[in-house]
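Contents: one structure, followed by commentary.
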Amino acid sequence: MSRNKKPDEDLPDQSPPDGGKLDPQIRDYVARSLQAHYESIVRAPVPDRFLTLLAELEEQEKKAGEGKDDERR
């Protein structure tokens, strides 16, 4: 492989012959499925461990900010 070639340039063209267009019914099904999956993730509760980590991070940022205020005086 030469320096100027991208790694995927050596691969055969794998694009579909129809230009990648999906049947409208399939496209709608995939869109609805993705939307339902996304909504389930958004509605899921945040795990307690994440909340603890966020609280710790917030406390560290608060302390770091107080130190900077002291330096300015």
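Values below: all heavy atoms of this structure, side chains included; hydrogens, waters and symmetry mates excluded.
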Sequence neighbours left out, what passes side-chain contact (heavy atoms from CB on, under 4.5 Å) with [X]? Give chain and number order.
{"X": "Leu51", "answer": "Val46, Asp48"}
{"X": "Glu39", "answer": "Gln35, Arg43"}
{"X": "Asp23", "answer": "Gln25, Ile26"}

Margin query: For the NZ atom of Lys63 and the CD atom of Glu66, what is their distance to the nearest 0.5 Å?
Written below: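 With rounding to 0.5 Å, NZ (Lys63) is 8.5 Å from CD (Glu66).
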Note to self: Are more than 12 heavy atoms, taken from residues, nucleotides or ligands other than Glu56, located less than 6.0 Å from that residue's CD atom?
What the structure shows: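 Enclosed.
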